[in-house]
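Working notes, beginning with the structure itself.
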Amino acid sequence: MNNPTLKLRRVAIDTYHENVAYLHRECAVYRAEGFQALSKILISANGQRILAVLNVVDDAAIVTPTELGLSEQAYEQLNAHADCVIKVDHAEPAVSMDAVRRKIDGERLTLDDFEAITRDIAESRYSKMEMAAFLVATGQNSLDRDEVYYLTRAMLDTGQRLNWGELLVVDKHCIGGIPGNRTSMLVVPIVAAHGMLIPKTSSRAITSPAGTADTMETLAEVNLSPGKLHDIVRKHRGCLAWGGTAKLAPVDDMLIAVERPLGIDSRGQMVASILSKKLAAGSTHLLIDIPVGPTAKVRHMRAALALRKLFEFVGDQLEIHLEVIITDGRQPIGRGIGPTLEARDVMQVLENDPNAPADLRQKSLALAGRILEFDPDVRGGQGYAIARDILDSGRALAKMNAIIEGQGARAVDFTPGQFCHEVRAGRSGVVTGIDNLQMAKIARIAGAPMDKKAGVDLMRKTGDAVAEGDVLYRVYAEFMSDFEFVRKLIEQNNGYTIGEKVDIKRYDAFI
C-alpha cells in the first residue's frame with residue numbers, strides 16, 4: 001500500500017483516556033484511503049506507533065488538509081514533535097471483540113479471553129463505545145467468581161506492579177456509595193505513624209461527589225510518578241495518591257473513564273478494579289469496608305455477605321491477606337460532601353478540633369485499629385486504643401502534614417463555593433433518614449467533584465430533633481447555572497425524611 005505522509009499538529013483537546021486523531025475532509029490521505037469517521041487508524045512517527053479514533057473536521061483552523069491533528073493524550077503518547085512527518089494506516093480491528101460479543105450473548109469467558117480484551121484496551125484498540133459494550137455485557141450478564149478472578153488477573157498484568165521488599169504492606173478500601181466517607185485520609189496517617197507501610201493509591205470519583213484522590217488534591221499533589229510515589233512512601237511510610245499516573249492496572253482507569261458518564265459500577269467490575277489496583281500497589285494485607293443501608297450501594301445484609309465471599313475468594317486466589325468488614329451505611333459520614341468540605345472535616349479530626357464530626361473520627365479509628373492488628377506485635381483487640389492514642393497525641397497530624405509536604409502541598413482554603421442555598425425543615429420532628437443517593441446527586445449537580453468548592457454541608461444527621469425552619473444543610477456552588485439547577489432538584493426531593501424517632505430504620509447485624 002502506498003503510505004502517504006502528513007505533518008503532525010497538536011490539537012489542544014483533552015479527550016480523557018482516549019486517543020483521538022483529526023483529519024480534514026479535503027485531506028488527500030482521507031479521500032484516498034477511504035477512512036471513515038470514528039474508525040480506528042494506526043499512526044507512525046520516528047519508530048513510535050499509536051492507535052487512535054478518527055474524527056473528520058471541516059475547519060482548517062483545527063487541521064489543514066496536509067496535517068493530522070492529535071488530541072493531548074494521543075500527542076503525548078506518540079512522543080513526537082510538532083510538524084513531524086507521520087504515516088497513517090488502517091488499524092486492524094481488535095480480535096478480542098469476538099469475546100465481548102460472546103459475553104453479550106451470555107457465554108462464560110476464559111482467562112485467555114480476558115487477557116486478550118485487557119491487552120487490546122491497554123493498546124487503545126478499543127474505542128469508548130467498544131469499552132462501554134464490554135462493561136454493559138459484563139454487568140448485565142454478570143461475572144461468576146472465576147471470571148472475576150480472571151478479569152482481576154488480566155487487569156493486574158497490564159501495568160506496573162510495585163514491590164516494596166517488605167512482608168507487611170497494608171491498605172484499605174471502601175466500596176463507596178456513602179457521601180463524605182473520607183476515612184482513608186485519616187487511616188493512612190494513623191497507620192503510617194505506627195510505622196506500617198501503607199501506599200494508598202485511589203481512583204477519582206466514578207458516581208460519587210468525591211473520591212479520596214479528589215479530596216486529597218485540595219491539600220496536595222496526587223498525580224505522582226512511580227518514582228516519586230516510591231520515594232514518598234519510603235520516607236514517610238505512606239501516601240495518598242491517584243493510581244492513574246502511577247500506571248498501576250491502567251486498564252482500570254480507562255474503564256472507569258467510561259463507567260463515570262454511564263453511571264455504572266457492577267459488582268464484578270468493582271471487585272476486579274479494587275483488587276487489581278491494590279495488588280499492583282504491592283499490598284500484602286487489605287481491609288475492605290462494605291457499608292450497608294437502604295440507600296447505600298449495598299442495601300441488604302445478604303448482598304453484603306455475598307460480596308464479602310466474592311472478595312475473599314478472589315483474594316485467596318491472588319494470595320493477598322484480605323479481611324472484609326460490614327459497616328453502617330444508613331447516612332453520610334461526616335458533615336461535608338464534596339472535595340473541599342470533606343478535606344475540612346478530615347483536618348478537623350486530625351487537629352482534634354472539638355467541632356470535628358464524631359462519626360468520621362470513630363469510624364476511622366475502628367478501621368485503623370483493624371489494620372494495626374495486621375501487625376503481629378499488636379494483640380487482637382488492642383488496635384483501636386493504639387489508633388486513638390496516635391490520633392489524640394498529634395502524631396497522625398504530624399504524619400499527614402509530612403505526607404502533604406512530600407507530595408507537594410497546595411494552598412489550603414476551606415471556603416466553600418460562592419453561591420449558597422440553605423435547605424430548611426418543613427416540619428418539626430426527628431430526622432429519620434438521609435438518602436445517600438440523593439445527597440450525592442445534589443452535590444454532583446452543584447458541581448462536585450470537578451468544582452472542588454462545590455458540595456453539601458450537613459447541619460443535621462439521623463436521630464437529630466429539628467423544629468420547622470431549622471437548617472438541615474447548605475448547598476454550595478461555584479457557578480450560577482449549577483446553583484439554579486441544584487435548587488430545582490432540591491425542590492423535587494431534598495433527601496431528608498422527618499418523622500418520629502420510632503421510624504428510624506435499624507441495621508443491627510454489622511460485623
Greater than 12 external heavy atoms within 6.0 Å of [X]'s [atom1]:
| X | atom1 | value |
| --- | --- | --- |
| Arg145 | CZ | no |
| Asp105 | CG | yes |
| Phe485 | CZ | no |

Give the minimum heavy-atom separation between [X] and [Y], together with the two atoms involved.
| X | Y | result |
| --- | --- | --- |
| Leu23 | Val63 | C-CG2, 4.0 Å |
| Ser127 | Lys40 | N-NZ, 3.5 Å |
| Leu360 | Ile333 | CA-CG2, 3.7 Å |
| Lys278 | Lys172 | NZ-O, 3.9 Å |
| Met97 | Tyr126 | N-OH, 3.5 Å |
| Cys174 | Asn181 | SG-ND2, 3.2 Å |

Exercise. Could you walk me through whether Leu68 and Ile86 pass the side chain to side chain contact (heavy atoms under 4.5 Å, CB included) test, one step at a time?
Key: CA-CA 8 Å; Leu68 179 133; Ile86 64 173; 3.6 Å; yes
Practice problem: Mind running salt bridge (Lys or Arg N to Asp or Glu O under 4.0 Å) on Arg31 and Glu26 for me, showing each step along the way? | Solution: CA-CA 7 Å; Arg31 297 167 71 90; Glu26 298 303 320; 3.4 Å; yes
Practice problem: Please step through salt bridge (Lys or Arg N to Asp or Glu O under 4.0 Å) for the pair Arg237 and Glu166, ending with a clear verdict. | Solution: CA-CA 12 Å; Arg237 306 298 290 172; Glu166 299 194 18; 3.0 Å; yes
Distance in Å, [X] [atom1] paired with [Y] [atom2], rounded so as to fall on 0.5 Å steps:
| X | Y | atom1 | atom2 | value |
| --- | --- | --- | --- | --- |
| Arg267 | Phe311 | CZ | CZ | 10.0 Å |
| Ile445 | Asp482 | CD1 | CG | 8.0 Å |
| Arg49 | Ile43 | CZ | CD1 | 11.5 Å |
| His90 | Ser39 | NE2 | OG | 7.5 Å |

Practice problem: Using the salt bridge (Lys or Arg N to Asp or Glu O under 4.0 Å) rule, take Arg119 and Asp157 through it: C-alpha gap first, then chi angles, then the decisive distance, then the call. | Solution: CA-CA 9 Å; Arg119 185 168 54 248; Asp157 292 341; over 6 Å; no
Self-check item: Parallel, tilted or perpendicular: rings of Phe483 and His421 (30°, 60°)
Solution: perpendicular
If you measure only the distance, is there a donor-acceptor pair under 3.5 Å linking the side chains of [X] and [Y]?
| X | Y | answer |
| --- | --- | --- |
| Asn19 | Gln77 | yes |
| Asp252 | Ser273 | yes |
| Lys453 | Thr415 | no |
| Gln269 | Thr138 | yes |
| Glu67 | Thr64 | yes |
| Ser364 | Thr183 | no |
| Tyr149 | Arg153 | yes |
| Ser71 | Tyr22 | no |
| Glu342 | Thr215 | yes |

Quiz prompt | Derivation and outcome, side chain to side chain contact (heavy atoms under 4.5 Å, CB included), residues Met185 and Leu240 | solution = CA-CA 7 Å; Met185 291 177 66; Leu240 285 153; 4.3 Å; yes
Is there a donor-acceptor pair under 3.5 Å between the side chain of [X] and the backbone N or O of [Y]?
| X | Y | value |
| --- | --- | --- |
| Glu478 | Asp451 | no |
| Arg335 | Asp345 | no |
| Asp231 | Lys228 | no |

Quiz item: Given Arg101 and Glu107, is the salt bridge (Lys or Arg N to Asp or Glu O under 4.0 Å) satisfied, shown in steps?
Solution: CA-CA 9 Å; Arg101 285 186 278 270; Glu107 290 188 28; over 6 Å; no
Self-check item: Asp253 bridged to Lys277 by N-O distance under 4.0 Å
Solution: yes
Quiz prompt | SB check Asp144 Arg108 (cutoff 4.0 Å) | solution = yes
Quiz prompt | Near-ring test His24/Tyr30, centroid separation under 6.0 angstrom | solution = no
Exercise. Using the side-chain contact (heavy atoms from CB on, under 4.5 Å) rule, pick out the option among Val456, Thr340, Asp457 that qualifies with Tyr476.
Key: Asp457
